[in-house]
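Below is one structure; the comments refer to it alone.
FYI, side chains are in, hydrogens and waters are out, and symmetry mates aren't considered; it's all heavy atoms of this structure.
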Amino acid sequence: MDSASVTARLGAVPASDSRELDRVCEEAAAALLRDGVEPPFDVRSADFAADPYLICADRYWRLRFLALPSIRTAADCAAWLGAHVAAAHRTEVREKWSLGYAFITKDTVESPRELAEAAEGVVGRDAPAGDIAYFATLYHAGKLRSNFAAEELHQFLDSSLLALAAGPHRRDPLFTALRSFAAFAHGAFTTEHATALLDEAWNSPRRTRHVIDICLNGIQMAAPFDGQGALLRDRAAEAVRAHPHDHMFRFRLACGQHETGDHDAALSTVDRALRLLPAIGSRGSHELLQGQYLRRRDDILAARARARLDAEHTRRLAEREAEHQRRWDLLEADLRAREERQSQAHRALQETARANAVRAVELVAVFTAAIAFAVGSLQITLNGALSLHDRLWLIAELCAGLALFALLVVGGTWLITRPRDRPDLPRPPGTR
């Protein structure tokens, strides 16, 4: 198939028929690869769903990378991209291709010796501002990231000849995001250092969708630290607001909600991510992501069930504790009532005993006075030497004296035995 016929066929395929578009682009890409010809057309958009030229170029380079997953292939792809993709869309296509092709060839990481040999050829190629070296750097870093080789990723980005040759691209937010991912996943760096790199990439005005994805992935893959779930949830929520139809960001948000214990919201979010997951393109990639989302959904359901059981158990314990407390309060109230009744009965008994003692003393005093009066009046009466008038006066005086004596005894007894106020003792009922 010659270049002109490929271009004409791609221009004629209807973009509205996704199945036909996919079939034609796949056949054209395979024919170009079979003929050893790179795509002869230019790409003027970043629409991976409807632009036939971009789709065909994407399929072609995908086949090239699957056939020879190396830094040299990455360099060829970067050179073609720089010559055939419009400058306005070059960054988006570069990031999607470099990281995407790295993921599908992650099982073919080149050794340090192979990498060094390939880097020498890449660095010597004519390209503006290290574009080819940067694409190759992203491709190799994407492999290391996909394999969670954090230590190797950090060393590669920090000191490899290929990464150093990227020049000003080392300050790009995607490069910083990869450094943040390595710092989070490495474990040898502090959380503060990794978070600082994350913030630098996240707050960049040149932040792209792939920068956001790598930043969120770094948070998720970090060793556990305080506030990790909340950080992932908050950043993913911001990403969803910026890209509401991105299924991956919904999935990251569900993970953050799951880790912070908001299981109902996490279930709703992961279900939304599954609905947004497109069933087009590579079926393997779709099934891989779908399986990953479904496994997380199962984890969320299990965690929600455990949380509900824990909540029910806690509620029952609280009810039992409340019932025990209620019974204890009733028992304490009953004991206090019994003690009060016993105290009142004791005070009443004391008052009765005191009153009886006083009455007894009063009775003895009166009885003594009566006996003395009887004896005294009898002696006065039997004394015949006194006149009647004198006898009566003596009897009256004796009676008054004895009455005064009885009154003094009764009054003294009352004064001695009367109740006195004690601040440390309860007062008898009816007293002031």
[X] side chain near [Y] side chain, heavy-atom distance below 4.5 Å:
{"X": "Asn147", "Y": "Glu152", "value": "no"}
{"X": "Phe103", "Y": "Lys143", "value": "no"}
{"X": "Tyr101", "Y": "Arg64", "value": "no"}
{"X": "Leu289", "Y": "His247", "value": "yes"}
{"X": "Arg19", "Y": "Asp17", "value": "yes"}
{"X": "Glu200", "Y": "Pro173", "value": "no"}
{"X": "Leu21", "Y": "Pro14", "value": "no"}

Check this for me, if you would: do [X] and [Y] make a salt bridge, where the nitrogen-to-carboxylate-oxygen distance has to be below 4.0 angstrom?
{"X": "Arg336", "Y": "Glu340", "result": "no"}
{"X": "Arg308", "Y": "Asp264", "result": "yes"}
{"X": "Glu312", "Y": "Arg315", "result": "yes"}
{"X": "Arg113", "Y": "Glu117", "result": "yes"}
{"X": "Arg326", "Y": "Glu323", "result": "yes"}
{"X": "Arg338", "Y": "Asp334", "result": "yes"}
{"X": "Arg233", "Y": "Asp262", "result": "no"}
{"X": "Asp213", "Y": "Arg145", "result": "yes"}
{"X": "Glu95", "Y": "Arg206", "result": "no"}

Report task. Quick one: do Tyr139 and Thr105 satisfy side chain to side chain donor-acceptor pair (under 3.5 Å)? Show the steps, please. Result -> CA-CA 10 Å; Tyr139 173 67; Thr105 60; 2.9 Å; yes
Report summary line: side chain to side chain donor-acceptor pair (under 3.5 Å) with Ser343: of Glu339, His346, Arg347, Arg341, only one passes, and it is Arg347
If you count heavy atoms of other groups shown closer than 6.0 angstrom to [atom1] of [X], is the number above 12?
{"X": "Glu92", "atom1": "CD", "value": "no"}
{"X": "Asp226", "atom1": "CG", "value": "no"}
{"X": "Arg171", "atom1": "CZ", "value": "no"}

**Report entry** Leu331: side chain to side chain contact (heavy atoms under 4.5 Å, CB included) partners, not counting sequence neighbours
**Finding:** Trp328, Leu335
**Report entry** Derivation of the side-chain contact (heavy atoms from CB on, under 4.5 Å) call for Val93 and Asp58
**Finding:** CA-CA 9 Å; Val93 174; Asp58 182 39; over 6 Å; no
Requested in this report: Report yes or no: does Thr137 contribute a side-chain atom to a donor-acceptor pair with the main-chain N or O of Leu162 at less than 3.5 Å?
Outcome: yes
Query raised in the report: So, Glu114 side chain and Ser111 main chain: donor-acceptor pair closer than 3.5 Å or not?
Result: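 Pair found, side chain donor or acceptor close to backbone of Ser111.
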Show me the donor-acceptor pairs, under 3.5 Å and distance only, between side chains in residues 176-186 and residues at least two apart or in other chains.
unit_1 : atom_1 : unit_2 : atom_2 : d
Thr176 : OG1    : Asp172 : O      : 3.3
Ser180 : OG     : Ala194 : O      : 3.4
His186 : ND1    : Ala188 : N      : 3.4

**Report entry** Ring centroid separation Phe156 to His140 under 6.0 Å
**Finding:** yes
Query raised in the report: Between Leu232 and Thr260, does a side-chain contact (heavy atoms from CB on, under 4.5 Å) hold up when you go through it step by step?
Result: CA-CA 9 Å; Leu232 177 60; Thr260 54; over 6 Å; no
Query raised in the report: Can you list the steps and then say if His84 with Tyr53 is a ring-ring contact (aromatic ring centres under 6.0 Å, His included)?
Result: CA-CA 11 Å; His84 293 274; Tyr53 301 105; over 10 Å; no
Report task. Please assess His258 against Asp299 for the test side chain to side chain donor-acceptor pair (under 3.5 Å), listing each intermediate value before the final yes or no. Result -> CA-CA 9 Å; His258 178 204; Asp299 292 341; 5.8 Å; no
Requested in this report: Could you check Leu301 against His263 for side-chain contact (heavy atoms from CB on, under 4.5 Å), going step by step and ending with a plain yes or no?
Outcome: CA-CA 8 Å; Leu301 286 173; His263 305 302; over 6 Å; no
Report task. Evaluate the criterion side chain to side chain donor-acceptor pair (under 3.5 Å) for residue pair Ser160 and Gln155; output intermediate values, then yes/no. Result -> CA-CA 7 Å; Ser160 72; Gln155 293 174 352; over 6 Å; no
Requested in this report: Kindly determine whether Val270 and Arg250 satisfy side-chain contact (heavy atoms from CB on, under 4.5 Å), including the steps that lead there.
Outcome: CA-CA 7 Å; Val270 78; Arg250 293 275 180 178; over 6 Å; no
Requested in this report: Measure the acute angle between the ring planes of Trp61 and Trp97, then classify it against the limits of 30° and 60° as parallel, tilted or perpendicular.
Outcome: tilted
**Report entry** Member of Arg209, Arg272, Arg252 meeting the salt bridge (charged side-chain N to carboxylate O under 4.0 Å, His left out) criterion with Asp246
**Finding:**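 With Asp246 as partner, salt bridge (charged side-chain N to carboxylate O under 4.0 Å, His left out) holds for just one option, Arg209.
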**Report entry** Spacing of Leu274 atom CG and Arg297 atom CZ [to the nearest 0.5 Å]
**Finding:** 7.5 Å
